[in-house]
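Sequential numbering from 1 along the given sequence is applied to the chain's residues. What you see is a predicted model; the values in this text were computed from it and never measured.
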Amino acid sequence: MACVDLESVSKNFGAVSVLRDISLSIESGKFVALVGPSGCGKSTLLRMIAGLEDVSAGTIKIADRRVNDVPSKDRDISMVFQSYALYPHMSVKENMAFSLKIRSTPTPIVEERVAKAAEILELTGLLDRHPRQLSGGQRQRVAMGRAIVRDPAVFLFDEPLSNLDATLRVQMRAEIKELHHRLGNTMIYVTHDQVEALSMADIVVVMRGGKIEQAGPPLKLYDEPANIFVAQFIGSPAMNILYGETVVEDGGPAVRLKGGDVIALPRHVKVAPNKQVAVGLRPNVFSLGGDGLRAQVVVTEALGAETQIVARLRDTSAKPLILQFNQRMQASPGDDLRLTVDTDGVHLFDAETHMRIQ
């Protein structure tokens, strides 16, 4: 196990700045997910930690050792890529043992490590097969086994589940999380899928445009997003964002939306009247009835035990609301709804800066 520290790290490709002043401390043994939209720089950052990309500025440390100029093979890391990168002419056993053999590792140690990794990943009965004889999930486990046998201080994963179907992704998420629990190594995992990040990681790092927007435990990011971008990126379906002006309603703080509807804020919220704000509402904070928001059904999606409704407010300039109910419901396009909002689930952001208002 080893800690990983990034100190004011930047990366430029010519005149193009890809990463800007990234600082992050990853404790030894933690599972950290780097998440963000395509092009945000998360894979480039992972490749810099791995030594596959040069650092334009700043310092990268692994186990308190500066590794900016240390070759990848000497950084005590193993990397699992999106593509399995298995040798088709080699058996599973030979693929897993290859990195050890080119380092002239004694045969008994190679055999012991391959057997141990195969047992952990349930590959023992597949060691004599070739990659073409394996499923996608089995090939990904072989790729992970090849990394495990090196017994690295840090595992690096670059979107390893992107090539798998939905069922296999769910299965492999659980297997990777269990693998981290069993091995205890530091793991850094890149993904564009926020569900993967939330379900697997101890710490989630949300990136955009080459910068870190927020880093912290998954529930912290879900409950207290630092800005509108994080609020809408973390959580599925995405948070609804509505714009309006702060007012005092029935003696308490509230927001009057552009269409005239009023959303009450928690009593403890201190915000000046007549301030332009954005209100964030998760799809599950709504209930039917009361004297709250007025909306009209656009689409109803029956999802088994849940019902998801797309509805439009009176303010036609606002994006349609996504509503999520933990029950089966019948609602047709054009039906009118009255919605009550759980005030404890209201998030408030500055309309100009998009930053969270505490």
Side-chain angles (χ1 to χ4, degrees), residues 1-28 30-83 85 143 147 150 152-163 185-194 196-197 200-216 218 221 225-230 232-234 354-355:
M1 295 189 293
C3 58
V4 178
D5 294 299
L6 310 176
E7 301 172 358
S8 301
V9 172
S10 297
K11 176 64 179 178
N12 302 321
F13 290 105
V16 179
S17 177
V18 178
L19 292 168
R20 299 187 294 278
D21 197 29
I22 298 288
S23 293
L24 180 68
S25 291
I26 299 172
E27 294 180 24
S28 178
K30 291 293 186 180
F31 192 128
V32 174
L34 306 179
V35 66
S38 296
C40 70
K42 54 189 184 295
S43 289
T44 300
L45 183 59
L46 193 78
R47 291 173 61 85
M48 291 168 67
I49 296 171
L52 303 178
E53 294 283 357
D54 294 331
V55 178
S56 300
T59 299
I60 296 177
K61 293 181 179 179
I62 298 177
D64 295 325
R65 178 178 65 137
R66 188 179 185 276
V67 296
N68 288 42
D69 302 316
V70 176
S72 180
K73 65 183 180 66
D74 297 325
R75 293 193 181 193
D76 199 12
I77 57 98
S78 279
M79 193 163 183
V80 179
F81 297 92
Q82 179 178 347
S83 60
R150 294 185 59 184
V154 180
F155 283 99
L156 305 176
F157 294 87
D158 190 8
E159 303 202 42
L161 309 186
S162 296
N163 293 333
N185 300 61
T186 305
M187 292 187 177
I188 306 176
Y189 187 102
V190 162
T191 178
H192 65 275
D193 186 339
Q194 53 95 10
E196 282 184 18
M200 298 169 65
D202 302 316
I203 300 294
V204 175
V205 180
V206 181
M207 298 181 63
R208 177 176 61 160
K211 290 185 176 183
I212 293 176
E213 293 287 332
Q214 188 175 2
L221 270 61
N227 53 42
I228 290 178
F229 174 79
V230 175
Q232 292 196 294
F233 195 87
I234 297 296
H354 288 190
M355 300 303 294

Contact between Tyr189 and Pro160 at the side-chain level, heavy atoms closer than 4.5 Å - yes or no?
yes
For Phe229, is there any backbone N or O sitting under 3.5 Å from a side-chain donor or acceptor partner on Arg208?
no
Report yes or no: do Gln214 and Asn227 form a side-chain donor-acceptor pair below 3.5 Å?
no
Taking Ser56 for the side chain and Asn12 for the main chain, is one N or O donor matched with an acceptor at less than 3.5 Å?
yes
So, taking the atom named CG in Asp69 and the one named CG in Asp74, what distance separates them when rounded to the nearest 0.5 Å?
12.5 Å
Side-chain heavy-atom pair Met79, Leu52 within 4.5 angstrom cut-off
yes
dist Leu161:CG -> Met200:CE (nearest 0.5 Å) comes out at 6.0 Å
For atom CG of Asn68, decide whether the heavy atoms of other residues, nucleotides or ligands shown that lie under 6.0 angstrom number more than 12.
yes
Minimum-distance pair of heavy atoms, taken over all atoms of Ala226 and Met355
O-CE, 3.6 Å
Are side-chain N/O atoms of Ser10 and Asp21 paired as donor and acceptor at under 3.5 Å?
no
Kindly compute the distance separating CD1 (Ile188) from CG (Asp158), expressed to the nearest 0.5 Å.
12.0 Å
Please examine the side chains of Leu6 and Leu45, heavy atoms only from C-beta on, and report whether any two atoms are closer than 4.5 Å.
yes
Take Arg65 and Val70 through the test side chain to side chain contact (heavy atoms under 4.5 Å, CB included) and record every step on the way to the result.
CA-CA 10 Å; Arg65 178 178 65 137; Val70 176; 4.2 Å; yes
What one should report as the nearest heavy-atom pair of Val204 and Ala197 is CG2-O, 3.6 Å
Specify the closest pair of heavy atoms between Val80 and Ala143, including all atoms of both residues, with the distance to one decimal.
CG2-O, 4.1 Å
Shortest non-hydrogen pair, Arg150 vs Lys73, comes out as NH2-O, 4.0 Å
Is a side-chain donor or acceptor of Thr186 paired with a backbone partner of Ser28 at a separation under 3.5 angstrom?
no
Nearest heavy-atom approach of Asn185 to Ala153 is CB-O, 4.1 Å
What is the distance from atom NZ of Lys30 to atom SG of Cys3, rounded to the nearest 0.5 Å?
13.0 Å
Inter-residue atom distance Leu34.CG - Ile49.CD1, 0.5 Å rounding:
6.5 Å
Check whether any side-chain heavy atom of Phe233 lies under 4.5 Å from a side-chain heavy atom of Leu221, and answer yes or no.
no
So do Ile26 and Ile203 actually touch side chain to side chain, heavy atoms under 4.5 Å?
no
Do side-chain atoms of Arg20 reach the backbone of Gly209 as a donor and acceptor pair under 3.5 angstrom?
yes
Atom pair CG/OG of Asp193 and Ser162 - distance to nearest 0.5 Å:
8.5 Å
Could you check whether the rings of Phe157 and Phe31 sit parallel, tilted or perpendicular, using 30° and 60° as the cut-offs?
parallel
Could you report the tightest heavy-atom contact between Ala147 and Ser78, atom names first, then the distance?
O-OG, 3.3 Å
How about Met207 and Leu19: do any of their side-chain heavy atoms sit closer than 4.5 Å?
yes
Trace of the side chain to side chain contact (heavy atoms under 4.5 Å, CB included) decision for Asp54 with Lys11
CA-CA 8 Å; Asp54 294 331; Lys11 176 64 179 178; 4.1 Å; yes
So Ile62 and Asp76, do their side chains get closer than 4.5 Å, heavy atoms only?
no
May I ask you to test the Lys42-His192 pair for a side-chain heavy-atom distance under 4.5 Å?
yes
